[in-house]
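Worksheet for the structure shown next.
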Amino acid sequence: METEGKKRVWEEYQKEIADDHYFYVRSCIRQTFFPGSETTFLKILQNDLKKDVFEDARHTTCTGIGYHTDIVPLETTMTVIARHFALMTEAGYVNIIPSCVTSFGLYTEVLDTWRHFPEIEAKIREYLWKATKREFKVPENLVHTSDIIYKFRNRIKDLSKVSLINKKTGLPLNVVEHIGCHYSKMFPQSGVGGAEFPAVLTGMIEAWGGTVIDYPERRHCCGFGFRQYLVKANRGYSVSNSKKKFESMQPYQPDFMVANCPGCSMFLDRWQYTIAEMEGITYDSNGTGIPVLTYEEMAGLVMGYSPWDIGLQMHQVSVEPLLDKLGIEYKKEDKYLGSNGQNIGEPQKPMFLIV
Amino acid sequence: MKDWGYSILKGRQIDFENNDFSIAEYITKHEPSFRWCIGCGSCTATCSAARLTDFNPRKLKLLIQRGEIKGLADEIAKCMLCGKCQLVCPRGINTRNVIQNIKRALNTCHAL
Amino acid sequence: MGKLYDRLNQDIRFIEGLNGCLNCGVCTAICPAAEFYHYDPRVICATVQSKDEKMIEALIRSETIWYCGECMSCKTRCPRNNTPGFVIMALRKLSQELGYFTDSEKGRQQFAIKRAIGGNILRTGYCVNPDIVSPQMHPEQGPVWDWISMNTPEIMKKMGSNYKQAGVGGMRAIAPEVLEELDRIFEVTGCYTLFDTIEKHSKHKANELGIEISDEGIGNEYFMTVYTENNGSHNG
Amino acid sequence: MAINSQHIVIIGGGPAGLEAASCLGTAGYRVTVLEKEKQTGGKLLIWDKLFPEFRNSDKVLNHLSNGFKTNPPQILTNAEVVSVIPENGQHRINLRDGQAFQADTVLITTGFKLYNAEKKEEYGYQIYENVITSFDLEKQLKTGNPIRIEAGLTPRRIAFIHCVGSRDIKSGNIYCSRTCCITGVKQAIEIKRRLSDAEVFNFYMDLRMFGQNFEELYIEAQQKWGVTFIRGRVSEIAENKDNSLQLKAEDTLSGRPIKMSFDLVVLLAGMVPEPRTVEIGKSAGLEFTSGNFLAGLDSHISQNETNTPGIFIAGTCREPLSVAETLTDARAATVKMISWLRENETSHKKPLIKRDND
């Protein structure tokens, strides 16, 4: 494979990422499943990089999951997003950074629609005023939180304690990167590197010493499909799509996967367990599965944060094989302790998946 | 193994690498005009069986060539061998002989 | 009421989503739904742009329109700048407005989604939060999730979340006055109209099928039926 | 023979420029051909065999140079034109190196540029080793060497992808490049001639077999050579671990998505206007088509005349054309040029009549 060609592609898709002063909007799925990731993101930004990140307690869901399950009309979603713009404006910010890829995609879509149909923006302003008496300015800079980490990847490298290198062999780790569909498939210009060869995670992985695997189903959806996971009867669709990806990446023997979308990182983790329990298969050689990280967790490990402080115990696929490769020290017995070090019990062992 | 009320599905993609081309090869050998099709659909448009059933000779022929032969015996049984497709085919394919060779191939290649 | 096509043509997503399809199949080629369901976005676009009212009606009464996962992979590739996924969203909206969604097994699921996700948004201000991911409904979440569910406040605390408390932070309690704002937005923008429509037609269908349905919540037989029923005819 | 004193400059020494030069020379005009490369012949120099009868491109090149027996044109190579400026009823043609020419009339025959297939990122050109363009393949065929993929192996399964950078809003080109369809058929047959065991596939949206004997060649590809045609636009190409290529499309005529692996993928990249043509066109105040080719005055009755009197266009600088069409187009342009020159000459001789309303 020629990397020069890819670099030329990446040059086509440079996006502006604000340097500081961010209005932060959380993700429902991230807060539910991997809450440590958002905490880690804020710690890195605020404590390590000394950036100004503002969160308003009054922000809510963007209703994206409702919108993409077709129970929430477009006008409603647009008005909820407009309300977030209003909170941002009221707080004196112009750069908005959603933590969720569905939100990021929707914000981008909303702004794009408004550009083409100003009458819709006018209508939404009326709705928002009528419902909340709020007004807003559209953000000057809209980027996903993974774009922020991408922007500061070299700063993080300078501060890093750990590289994405196998401590024993000295070789770069083989990493599968997975980009949430709504990050750039709808608007390739809105994603770092575009839709076909996104550079947002690749940039982090390479900056921190790892190698990216380009496997055939790299671009394929994780299979969330909104209603296809939320309704139990449809989950065959969801797991089957992830399985297709696992089968395609298996020959490359990935050391771990990393995703920039809250949904994807959870599904790529849980479906490995499901497939193991349903069919007795894992996609690694030891029966433990392929560890999945969020990009915030990957950054946290690189920064030397403790695996159990950033929340790696909330993954179903064990991360210990990866921690061992990275040469990160951890206490297995501390993994499931409570906030004050108290015993709160441990998860049961799965039937098939080795943990 | 666990049953959680849903199952892992097999993909519907035509999986060219793993498909069975024995029937397509048999037909091509005995009736080379099988290859001449341009997928125009004239056959299906005129097909007597297609008026009454979901039989689609254009699709059937293409799927055989792609090695997709699941349910072929049931499908081909819908053909009434009226021969109208042969009259309309712009490429002059001997469709009657193609159909008969599909049937023979099913007996020869597969005891389906 | 008007013609179905004309109604679709008033939907901004439809206007953005379909500019004249040349039937090349590039969308179907990468569609995750086309791979696991009897689904072909190319055919959907062809049907809709035929403007054949009977075919469009059959389409919005069918299972087909509910197979899409709205990943929008189709948008990236279309050589005509179409988005079959947006067309699907317009079709689903129309199917719900006309009550046709209850004709199909997959369409009837809208009731479960409305009750679960719609209810949760208004109750909590979140689409998803730990409370609605019950291990019973979500066995695939595995034993780690069981453990999290049993210790949610403690684990959230350890993760630096502000679980169900006032102020900023992860999984914080959304203040009542904020929920009131959401409520008014839902009212003003027509979300409640759509909710009511889903409810009305679902109740009608439940009665027709003789299945118990409650006025709210997910603890009713109709919810569980539409949530779990799969006649097995959707793929293969 | 009598040589007309009027001077014609032809910009571009490819098939259109050379054919026009020979017609105009035979008609007795003084012609200068300005060719930016070091050799005339244009893209015919790259091409090995021409559709539909697989004749060597040399044969056409020979025809073009044989046209100069009487009144040969002055041919300047390494002469890159940067602008054409109307001046005192004539035209001033400026070259990159500072030289300038005066002409009574100008014919622009600057040809096309191959669409940069890198821009269709999902096809992986310049990223995956065994994804090449039809140009790359033609160069390989011209060497006469056996067809090999990057690892030195003989490819067993080869795909041709139609409409790369054509009929595609995403690539900015809505128009059809017209000649790629038949090129795909021609090159597929050439591969089968050399590698009879290879399986060759064409992925197309529509097959536009518009020319003489094109449909016949398509039939031959199917019937004699066993080339398979699948109707479906290729969605993406990815590399497998063994460097083969995984391709995804929908087999639209059977209504099913299809996934296949190939050893070699050939992208039938379309035609785009030369950036230089756009520059020259702008300097001369010419109009452009929606595809940014030079626009004729009328799409039916005066395709070779432009909105600037005295400037004519021919060949693929005005729309995608085959070699045969390009030569016909060049000849057609010369007829219009000669009439224009005659009218212009007589109008010069006539006394100027001032009309009352002027």
Side-chain angles (χ1 to χ4, degrees), chain C residues 14-50 55 58-59 62-65 67-88 233-236, chain D residues 115 117 119-124 159 161-177 180-181 201-208 229-238 245-260 262 265 267-270 290-291:
Chain C
F14 187 79
I15 296 165
E16 288 186 304
L18 193 59
N19 307 299
C21 160
L22 53 61
N23 252 283
C24 71
V26 84
C27 48
T28 306
I30 34 85
C31 174
E35 188 155 353
F36 296 106
Y37 286 132
H38 286 300
Y39 180 66
D40 191 331
R42 171 183 59 82
V43 174
I44 302 237
C45 290
T47 304
V48 173
Q49 79 178 7
S50 76
M55 281 166 69
L59 187 63
S62 74
E63 303 283 351
T64 317
I65 57 166
Y67 292 148
C68 165
E70 300 191 9
C71 71
M72 305 299 172
S73 301
C74 47
K75 188 176 195 299
T76 325
R77 300 278 164 68
C78 176
R80 288 275 180 92
N81 250 346
N82 297 325
T83 310
F86 286 169
V87 174
I88 282 289
S233 70
H234 306 286
N235 48 274
Chain D
Y115 172 75
K119 292 193 183 245
K120 290 305 285 175
E121 298 153 32
E122 61 269 41
Y123 295 160
I161 315 299
H162 290 239
C163 298
V164 177
S166 305
R167 306 180 67 201
D168 176 12
I169 287 172
K170 295 276 166 66
S171 69
N173 303 331
I174 297 172
Y175 58 85
C176 166
S177 290
C180 332
C181 284
F201 293 79
N202 269 256
F203 289 86
Y204 67 96
M205 303 208 286
D206 296 291
L207 283 174
R208 299 183 164 177
F229 291 83
I230 297 181
R231 189 191 174 280
R233 185 177 176 85
V234 170
S235 190
E236 67 178 32
I237 295 167
L245 299 154
Q246 177 187 292
L247 180 151
K248 287 184 187 177
E250 184 193 3
D251 182 6
T252 58
L253 296 177
S254 69
R256 292 266 300 275
I258 185 166
K259 184 170 80 177
M260 293 176 73
F262 289 90
V265 172
L267 306 178
L268 295 163
S290 60

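None of these values were measured; they are calculated from a predicted model. In the text below, chain A, chain B and the rest are named by the order of the sequence lines, each starting its count at 1.
- For chain C, the option among D:Thr252, D:Ile174, D:Val234 with the highest count of heavy-atom pairs below 4.5 Å is D:Thr252.
- Here the side chain of D:Lys170 pairs no donor or acceptor atom with the backbone of C:Asn81 at under 3.5 angstrom.
- At a 4.5 Å heavy-atom cutoff, the contact between C:Asp40 and chain D is made by side-chain atoms alone.
- For the atom pair D:Arg167 CZ and C:Leu22 CG, the distance stands at 5.5 Å (nearest 0.5 Å).
- In this structure, the separation between SG on C:Cys24 and CD on D:Glu250 is 9.0 Å, given to the nearest 0.5 Å.
- Looking at C:Arg42, the atoms closer than 4.5 Å to chain D (heavy atoms on both sides) all sit in the side chain, from C-beta outward.
- One distance of note links CZ of C:Arg80 with CZ of D:Arg233; it measures 10.0 Å at 0.5 Å rounding.
- The distance from the CD atom of D:Glu236 to the CZ atom of C:Arg77 is 4.5 Å, given to the nearest 0.5 Å.
- Between C:Pro79 and D:Asp168, the closest heavy-atom pair is CA-OD1, 3.4 Å.
- Neither the backbone nor the side chain of C:Asn19 comes within contact range of chain D, judged by heavy atoms closer than 4.5 Å.
- The two residues D:Ser235 and C:Ala29 make their nearest non-hydrogen contact at CB-CB, 3.5 Å.
- If you measure heavy-atom distances from C:Ser73 to chain D, you find no contacts under 4.5 Å at all.
- Residue C:Asn23 holds its CG atom at 9.5 Å from CG of D:Leu253, rounded to the nearest 0.5 Å.
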